[in-house]
**Student:** 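Have a look at this one before I ask anything.
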Amino acid sequence: MKKLFRQHPYLIARPARVAAMAIGALAATAIAQPANNNCGAAAPLAKESPVSGNLSAATPDGTATCGGSNGNRDVWYRYTNDGCPRSVVFTTAGSRTGANSIDTVLSAYTACGGSQIACDDDGAGNRDSRFQLNLAAAQSVLLRVSHFSSAIGTGEFTLVARVLGGDECANPIAISGEGLFPFDTNCSTTSGVSSCVSISHDNWYCWTPTAPGDYVVATCGQAGFDTVLDVFEGCGCPTAPAVACSDDACSAQSRTCFAAVPGRQYAIRIGSFGSNAGGSGNISISKLIPSYATTAVVNPANRHQYRILSGTSWTTAQYLAADMGANLVTVNDAAENAYLVSTFSPFTTAMWLGFNDAAAEGTFVWASGEAPVYTSWGPGEPNNSGNEDYAVLYPGSALWNDVPNLACAGVQGVIEITRPYIIRGPIVDPTTGNVYYGLSNSTWTQAQAYAQSLGGNLATVDNAAENNFLRSNFAAPLGRIWLGLNDTATEGSFVWADGGTSAYRNWSSGEPNNSNDEDYVMMYNNGTWNDVKDLANPPAIGEIFGCVEIKAAQPIAGPICNPVNSRFYYIMESANWPESQAGARFLGGNLATINNEIENDFVAGLANGPAWIGFSDTDLESNFKWANGEAVSFTKFAPAEPNNSGNEDYVQTSANGLWNDLPVTSRLIGIVEIDGTCCPADFNLDGGVDGTDVDTFFAAWGEGLPSGDFNGDGGVDGADVDAFFIRWDGGC
């Protein structure tokens, strides 16, 4: 009775009125008794084909063990499975479309008068019903639709049978990220969606990318029959043509490539060519990792830096450019067009420009937002043949053409970098461990913004020794350099950009004089300072180069010897990743490199929470590298990571050993690995192997500390004691 009062209080309060209303409604609409009013006249139910019904004029014909529906009105349906075993969901979800729509009870039976095999009330939510049956080939079941207790309302409902396992485009299998995904189409039917070739026996997947980029979907070497692959934007049954399609790319198997856009899902279909039989195998999904095809070059005409990527789609190239604060190249005149041709023609036959009309057909704009002032279209171009939204430059002709968003087609994107860029360093101050970089000519504001993106600030000068270090390493070879000192907030009250409190000053004679509102401080090549305006080329001074300082984090624990690989480790104070790496370099190592599961467990144990490791993709998005330059042989990212949410370029581990990418603004402890070897038997690291090492080991072992896992098997137990004494007896 609890459910009755909760869901239908009016049935108890005013039963006579409710009954009168129901009878009046039936009389008014004159609903005929349904043809499938009894089990023997059950109506056929086909998969993925919803049926509608009404119980208002039905009569009772069966019983059920749930929902209080014994003796209630009911209607009947028969579902017959095809020639393959299948999992089928039967549901009335969506029946309650109006305030008085029916509260259904759904049950299934082996035969009329046979055994009940399933019964549900409210399993689909909103008083709708749902259950799943695993049916054998050609198995038939009878379905009874009734209503909860004495509630009938209008009596209207819908019923549908949905086949699981990805056989239908309406019910794809959810997958995400990269890897191998198994399929079996031997029992699959064919969804009525067109492909680039004839296709049958298809399975469907709803794929979610973990990061934008160009992805390869393939069955090459993973299937033993003639496959066809389709990729569509959005999940569910497609309403637009495929964005990628492949047949016979690798013998009789398939391989296709497409650009995944952030925030979108994609329907992937695997099927057989023509009317061939189905089969089984794996679909492989892998992300293409682009690289720079050349080193950076500087255009002497505008002092902008240019870099060309390996072949990517336009959207991926622009995404990578934007991630580094830049854009695909903007061409403002014939001279710049000629510069691109002469500079990059040895490396490519086609290159992406930032020009596109993806937002509004026929209205081309630059990705940088600059106004179009120059074009070099080929004859008859742009013509938008086949929805062509992106401009490509052919170096052989110096002419442009509009093309689709081609992936895996060898078109290379040229990135134009107008912000400052590194031209000198890293150089480490041997007294502090702080790391310094020299930047290209820029304003103070531009240089400070880029310094912060690197994890630092324009340099703070603490004393005469540091002033001389900056003069000799940066001001003397470059010319003039920006320091972090400024009085933008309060005229005459100079402060450091990093918030430092250094009172050291080395002003030139008569400076600072605030002539014409000069708020920013630069150093001459002789080491003296002057206040100037925020210009890249102040009059009578010329170019000014940024000088970035990244503070070195300090160790708070260590050295700690890893008995498995005999390497030293330190734990660094909370800092951003660049500061932690600077401290690591000062100690003679790098943030930790992890090559296997055992080392990952050891580092995670040291971290005992979020901590930096030496993995990052600062140079090129998604191209992760170890700080010490070792090849990548092991990763352990958490599900859906790395995702670069908010420009995340630096990797942390956690107590559970799973990794995540974070932005430069995050501050964590860091785990440092030193390029040297230790003696595991010298457990207390006092330089000798004696009884004190035994005491120190048993203290760590008894507390279950990571260093107590002496054999590196992931547990602290008796086997570690045996391993320790074997090493201890042998000295080292």
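Residue numbers count from 1 along this sequence. Note that these values count all heavy atoms, side chains included, but never hydrogens, waters or copies made by symmetry. Model, not experiment: these values are computed from the prediction.
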**Student:** If you define the side chain from C-beta out and look only at heavy atoms, does anything of Val651 sit under 4.5 Å from Thr635?
**Tutor:**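 With C-beta onward as the side chain, the pair stays apart.
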**Student:** Counting N and O atoms only, with roles assigned by atom type, does the side chain of Tyr292 sit under 3.5 Å from a partner on the main chain of Asp619, one being a donor and the other an acceptor?
**Tutor:**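 Yes, Tyr292 side chain to Asp619 backbone: donor-acceptor pair under 3.5 Å.
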**Student:** About how many Å separate CG of Asp531 and CD of Glu491, when rounded to the nearest 0.5 Å?
**Tutor:**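 Here the rounded value is 8.0 Å.
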**Student:** Checking Val521 against Val532 for the side-chain contact (heavy atoms from CB on, under 4.5 Å) test, could you report, in this order, the C-alpha distance in whole Å, the side-chain angles of both residues, the deciding distance, and whether it holds?
**Tutor:** CA-CA 6 Å; Val521 177; Val532 297; over 6 Å; no
**Student:** Work out which heavy atom in Thr593 is nearest to a heavy atom in Glu630; give both atom names and the distance.
**Tutor:**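 Smallest interatomic distance, heavy atoms only, reads CG2-OE1, 3.8 Å.
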**Student:** Does Arg303 form a side-chain contact (heavy atoms from CB on, under 4.5 Å) with Ser440? I'd like the steps, not just the answer.
**Tutor:** CA-CA 9 Å; Arg303 303 301 299 169; Ser440 60; over 6 Å; no
**Student:** Are Phe183 and Tyr205 near enough that their ring centres are under 6.0 Å apart?
**Tutor:** no
**Student:** Just say parallel, tilted or perpendicular for the rings of Phe725 and Trp728, cut-offs at 30° and 60°.
**Tutor:**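 Ring orientation of Phe725 relative to Trp728: perpendicular.
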**Student:** With no hydrogens and no angle check, is any side-chain donor or acceptor of Asp720 less than 3.5 Å from a backbone partner on Phe710?
**Tutor:**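 Judged by distance alone, yes, a pair lies under 3.5 Å.
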**Student:** Would you say the side-chain atoms of Gln652 and Ser654 include a donor-acceptor pair closer than 3.5 Å?
**Tutor:**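 Looking only at side-chain atoms, Ser654 and Gln652 do form a donor-acceptor pair, the distance falling under 3.5 Å.
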**Student:** Would you say NZ of Lys625 has more than 12 non-hydrogen atoms from neighbouring residues, nucleotides or ligands within 6.0 angstrom?
**Tutor:** no
**Student:** Between Trp529 and Asn467, do the side chains contain an N or O donor and an N or O acceptor separated by less than 3.5 Å?
**Tutor:** yes
**Student:** Heavy-atom count check: over 12 atoms from other residues, nucleotides or ligands less than 6.0 Å from Arg307 CZ?
**Tutor:** yes
**Student:** Could you tell me the separation between the OH atom of Tyr421 and the CZ atom of Arg419, rounded to the nearest 0.5 Å?
**Tutor:** 10.5 Å
**Student:** Verify, without hydrogens or angle tests, whether Asn473 (side chain) and Leu470 (backbone) share a donor-acceptor contact under 3.5 angstrom.
**Tutor:**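 Answer holds: no.
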**Student:** Could you tell me whether a side-chain N or O of Arg567 sits under 3.5 Å from a main-chain N or O of Ile674, the two making a donor and an acceptor?
**Tutor:**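 Looks like yes, one N/O pair under 3.5 Å.
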**Student:** Passes side-chain contact (heavy atoms from CB on, under 4.5 Å), Gln412 versus Leu309? Steps please.
**Tutor:** CA-CA 5 Å; Gln412 299 179 235; Leu309 293 167; 5.5 Å; no
**Student:** Hey, are Glu673 and Asn590 close enough side-chain-wise for a donor-acceptor pair under 3.5 Å?
**Tutor:**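 There is no such pair (donor and acceptor under 3.5 Å, judged by atom type) between the side chains of Asn590 and Glu673.
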**Student:** Side chains of Asn530 and Ser508 only: does a donor on one sit below 3.5 Å from an acceptor on the other?
**Tutor:**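 On atom types as modelled, these side chains do not qualify, holding no pair under 3.5 Å.
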**Student:** Which heavy atom of Asp717 sits nearest to which heavy atom of Trp701, and what is that distance?
**Tutor:**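 So the two residues come closest at O-NE1, 2.8 Å.
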**Student:** Check for a donor-acceptor pair, side chain of Asn434 on one end and backbone N or O of Asp429 on the other, with a separation under 3.5 Å.
**Tutor:**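 Not a single qualifying donor-acceptor pair exists.
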**Student:** Given the rule in the side-chain contact (heavy atoms from CB on, under 4.5 Å) test, do Glu621 and Met324 qualify, once you have shown the distances and angles that lead to the verdict?
**Tutor:** CA-CA 8 Å; Glu621 182 56 42; Met324 59 190 297; over 6 Å; no
**Student:** Which heavy-atom pair separates Ala211 from Lys287 by the least distance, and what is that distance?
**Tutor:** CB-NZ, 3.7 Å
**Student:** Taking Gln554 for the side chain and Ala552 for the main chain, is one N or O donor matched with an acceptor at less than 3.5 Å?
**Tutor:**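 Looks like yes, one N/O pair under 3.5 Å.
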**Student:** Assess the side chains of Asn643 and Ser645: does a donor N or O sit below 3.5 Å from an acceptor N or O?
**Tutor:** no
**Student:** Would you call the rings of Tyr266 and Phe258 parallel, tilted or perpendicular, where under 30° means parallel and over 60° means perpendicular?
**Tutor:** tilted
**Student:** Could you tell me how the ring of Phe634 sits relative to the ring of Trp659: parallel (under 30°), tilted (30 to 60°) or perpendicular (over 60°)?
**Tutor:**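 Perpendicular.
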**Student:** Phe637 and Phe624: aromatic ring centres closer than 6.0 Å?
**Tutor:**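 Yes, the ring centres sit under 6.0 Å apart.
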**Student:** Determine whether Cys408 and Leu288 make a side-chain contact, defined as any pair of heavy atoms from C-beta on separated by less than 4.5 Å.
**Tutor:** yes
**Student:** Any luck finding a side-chain donor-acceptor pair between Asp534 and Thr445 under 3.5 Å?
**Tutor:** yes
**Student:** Taking the side chain from Asp519 and the backbone from Thr488, do they hold a donor-acceptor pair closer than 3.5 Å?
**Tutor:** no
**Student:** Quick one: does any side-chain atom of Arg480 pair with a main-chain N or O of Glu543 as donor and acceptor, under 3.5 Å?
**Tutor:**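 Yes, the answer is positive, given that a donor and an acceptor are paired below the 3.5 Å cut-off.
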**Student:** Taking C-beta and beyond as the side chain, do Ile422 and Leu454 meet within less than 4.5 Å on heavy atoms?
**Tutor:**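 Sidechains of Leu454 and Ile422: in contact.
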**Student:** Any donor-acceptor pair under 3.5 Å linking the side chain of Asn600 with the backbone of Gly657?
**Tutor:** yes
**Student:** Determine whether Phe545 and Asn441 make a side-chain contact, defined as any pair of heavy atoms from C-beta on separated by less than 4.5 Å.
**Tutor:**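 Yes - at least one pair of side-chain heavy atoms lies under 4.5 Å apart.
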**Student:** Report yes if some heavy atom in the side chain of Trp496 is under 4.5 Å from a heavy atom in the side chain of Val461; otherwise report no.
**Tutor:** yes
**Student:** Using side-chain heavy atoms (C-beta onward) and a distance below 4.5 Å, is Phe615 in contact with Ile594?
**Tutor:**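 They are not in side-chain contact.
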**Student:** Looking just at side-chain N and O atoms, do Gln265 and Thr208 make a donor-acceptor pair shorter than 3.5 Å?
**Tutor:**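 Side chains of Gln265 and Thr208: pair found under 3.5 Å.
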**Student:** Return the orientation label for the Tyr520 and Trp444 ring planes: parallel under 30°, perpendicular over 60°, tilted otherwise.
**Tutor:**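 The arrangement is tilted - the two ring planes meet at 30° to 60°.
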**Student:** Do Tyr436 and Glu466 have side chains that get closer than 4.5 Å, going by heavy atoms?
**Tutor:**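 Result yes, sub-4.5 Å side-chain heavy-atom pair found.
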**Student:** Taking the side chain as every heavy atom from C-beta outward, state whether Val603 and Tyr569 have any atom pair closer than 4.5 Å.
**Tutor:** yes
**Student:** Taking Lys636 first and then Asp601, would you say they form a salt bridge - that is, a charged N and a carboxylate O separated by under 4.0 Å?
**Tutor:** no
**Student:** Identify the two heavy atoms, one from Ser442 and one from Trp482, that lie closest to each other, and give their separation to 0.1 Å.
**Tutor:**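 Heavy-atom minimum between the residues: O-NE1, 2.9 Å.
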